*Asks:* 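Sharing a structure below in structure tokens format, with a few things to ask.
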2 protein chains.
Amino acid sequence: MLLYKEIRQYLFALIADHPELKKLPSERELQYTFRSTRITVREALIRLEAEGVIYRQNRKGWFISPPRLKWDPVKKVNFYQLAQEQQFTPLTQVVSFETTLASNVVNQAFAVQSPATFHAICRVRSLDERPVMVEEIYCLAAQFDDLASKSLEGSVTTIFERDYGINVTHERSSLVVTAIPDDKADLLNVNSGALCLKIIRQRFNQADKLVDYNIEYWVHSAIEIEVDSQ
Amino acid sequence: MLLYKEIRQYLFALIADHPELKKLPSERELQYTFRSTRITVREALIRLEAEGVIYRQNRKGWFISPPRLKWDPVKKVNFYQLAQEQQFTPLTQVVSFETTLASNVVNQAFAVQSPATFHAICRVRSLDERPVMVEEIYCLAAQFDDLASKSLEGSVTTIFERDYGINVTHERSSLVVTAIPDDKADLLNVNSGALCLKIIRQRFNQADKLVDYNIEYWVHSAIEIEVDSQ
DNA sequence: CAGTGGTCTAGACCACGAT
DNA sequence: TCGTGGTCTAGACCACTGG
């Protein structure tokens with residue numbers, strides 16, 4: 001068997017046999033254990049990372065992945081509630097709030113005639129202290145006056161409804177597997193180029209007008225999507 | 001800027017500027033161009049691969065990814081129709097058909113009392129000659145007598161309906177990002193450990209009985225999920 | 001056959017983390 | 001300060017693809 005696959009197997013068994021384990025031996029330790037080189041050891045680690053079995057935090061080491069958060073994008077369930085039902089301690093942090101012009105993609109999504117002013121919210125969500133998702137939310141500044149003064153840690157849809165009387169009636173989501181952009185990777189404390197599930201959500205009101213445009217980047221090993229249909 | 005990021009940038013621009021390009025220069029060519037080493041060149045290539053911009057075929061080289069197939073798992077649309085609407089030439093090949101005992105996972109999903117006999121179909125689906133998905137379909141042999149004689153390149157749900165009078169009324173899907181198992185990677189002609197979107201679909205009849213259990217592995221750069229809800 | 005990517009060795013220096 | 005992962009060099013041999 002190939003050496004890096006042997007190392008992968010060894011680590012895989014190590015993790016299975018020690019459910020209490022949180023962190024793997026260092027790359028150099030593994031290198032000595034297998035009388036190999038860091039390149040080969042890293043090949044095995046990166047493989048396990050792709051599988052979702054382990055993850056790394058920048059220069060801190062390699063850690064065992066906790067169970068994935070199961071999430072149904074169709075059902076309207078609160079992030080907090082969902083996390084708690086699955087025995088996680090959730091946390092949302094607002095990283096930034098700006099009222100500014102936005103990218104072409106956002107302008108096109110809102111079908112505005114000329115570049116409009118948007119609120120841009122950036123938030124990070126964590127499970128048990130581990131950042132797992134970073135998102136950007138865009139909505140029309142003209143439509144949501146004084147949004148900055150609201151408490152933006154919870155559901156923005158609820159704020160839209162309760163404070164502005166604007167109801168989301170349907171939404172369109174798009175999911176792709178890709179690499180996290182570098183600025184988002186920093187916020188999640190993961191390595192540059194880490195894998196993610198990128199979800200773009202467009203929420204509409206009953207007049208079919210876009211209410212908000214939302215880009216979520218999920219750490220790939222942290223989430224499992226579950227959908228019931230028909 | 002880091003060298004591998006420079007190489008990534010160079011290739012990214014190369015691809016953007018040459019829409020007709022199908023294949024990248026070889027790793028050794030890039031190594032000489034940048035007076036660097038294969039390790040560093042590969043770092044850049046693997047990054048672009050994670051982003052979904054390029055893909056490799058085993059020992060053949062690195063290729064530019066075509067557009068992703070957009071697919072709504074909720075709508076019941078034929079794979080052929082969907083592909084053709086998006087200007088792809090679709091193809092389905094049956095790799096194997098077995099009538100046999102199945103894994104514990106499958107037995108549990110069907111909630112059978114004792115290990116049952118299943119039909120196990122393995123198929124590969126391609127777009128424009130590029131294999132993009134491999135799937136395993138399990139259904140109870142007792143329920144679908146003589147299934148082997150049907151033409152299994154199309155929709156199995158249609159066969160269940162038309163030939164056996166069994167209708168699928170609802171389904172449950174689960175999506176995770178992970179690495180393709182080695183035996184499936186061979187069928188897709190991708191490198192061992194390649195990224196995939198793994199979709200498990202469980203289709204039920206109106207009595208809430210499981211009709212079939214389906215595991216799909218999609219090449220991650222080949223698919224984009226689109227869902228409308230509510 | 002030559003050319004490709006797949007695997008592997010044996011080092012090096014750096015930035016950042018924990019202490 | 002020391003240990004960690006992040007980046008990088010300069011090679012090597014192998015399995016497989018293509019002409």
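What you see is a predicted model; the values in this text were computed from it and never measured. Here is the naming used below: chain letters follow the sequence lines, and residue numbers restart at 1 for every chain.
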*Asks:* Holding to side chain to side chain contact (heavy atoms under 4.5 Å, CB included), I want the full list of residues that pass it with B:Arg59, two or more places apart in sequence or in another chain.
*Replies:*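 Counting only residues at least two positions away or on another chain, B:Arg59 forms no side chain to side chain contact (heavy atoms under 4.5 Å, CB included).
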*Asks:* Excluding sequence neighbours, so at least two apart, what forms side chain to side chain donor-acceptor pair (under 3.5 Å) with B:Tyr217?
*Replies:*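 Partners of B:Tyr217 under the side chain to side chain donor-acceptor pair (under 3.5 Å) test: none.
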*Asks:* With sequence neighbours left out, what residues match B:Glu43 under salt bridge (Lys or Arg N to Asp or Glu O under 4.0 Å)?
*Replies:*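 For B:Glu43 there are no salt bridge (Lys or Arg N to Asp or Glu O under 4.0 Å) partners, ignoring immediate neighbours.
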*Asks:* In residues 6-17 of chain B, which residues come under 4.0 Å of DNA chain C by heavy atom?
*Replies:*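 The answer is none.
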*Asks:* How does protein reach along nucleotides 5-12 of chain D, written 5' to 3' as B (base within reach of a heavy atom under 4.0 Å), S (only sugar-phosphate), or - (no contact)?
*Replies:* BBBBBB-B
*Asks:* Quick one: which residue pairs count as a ring-ring contact (aromatic ring centres under 6.0 Å, His included) with a foot in residues 32-58 of chain B, not counting sequence neighbours?
*Replies:*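 Sorted pair list: B:Tyr10-B:Phe34, B:Tyr55-B:Phe63.
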*Asks:* Checking B:Gln108 now: which residues fulfil side chain to side chain donor-acceptor pair (under 3.5 Å) with it, not counting sequence neighbours?
*Replies:*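 Partners of B:Gln108 under the side chain to side chain donor-acceptor pair (under 3.5 Å) test: none.
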*Asks:* What residues, two or more places apart in sequence or in another chain, satisfy side chain to side chain contact (heavy atoms under 4.5 Å, CB included) together with B:Gln87?
*Replies:*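 Listed in chain order: nothing, the list is empty.
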*Asks:* By side chain to side chain donor-acceptor pair (under 3.5 Å), which residues pair with A:Ser155, not counting sequence neighbours?
*Replies:*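 Side chain to side chain donor-acceptor pair (under 3.5 Å) list for A:Ser155, sorted by chain: A:Thr158.
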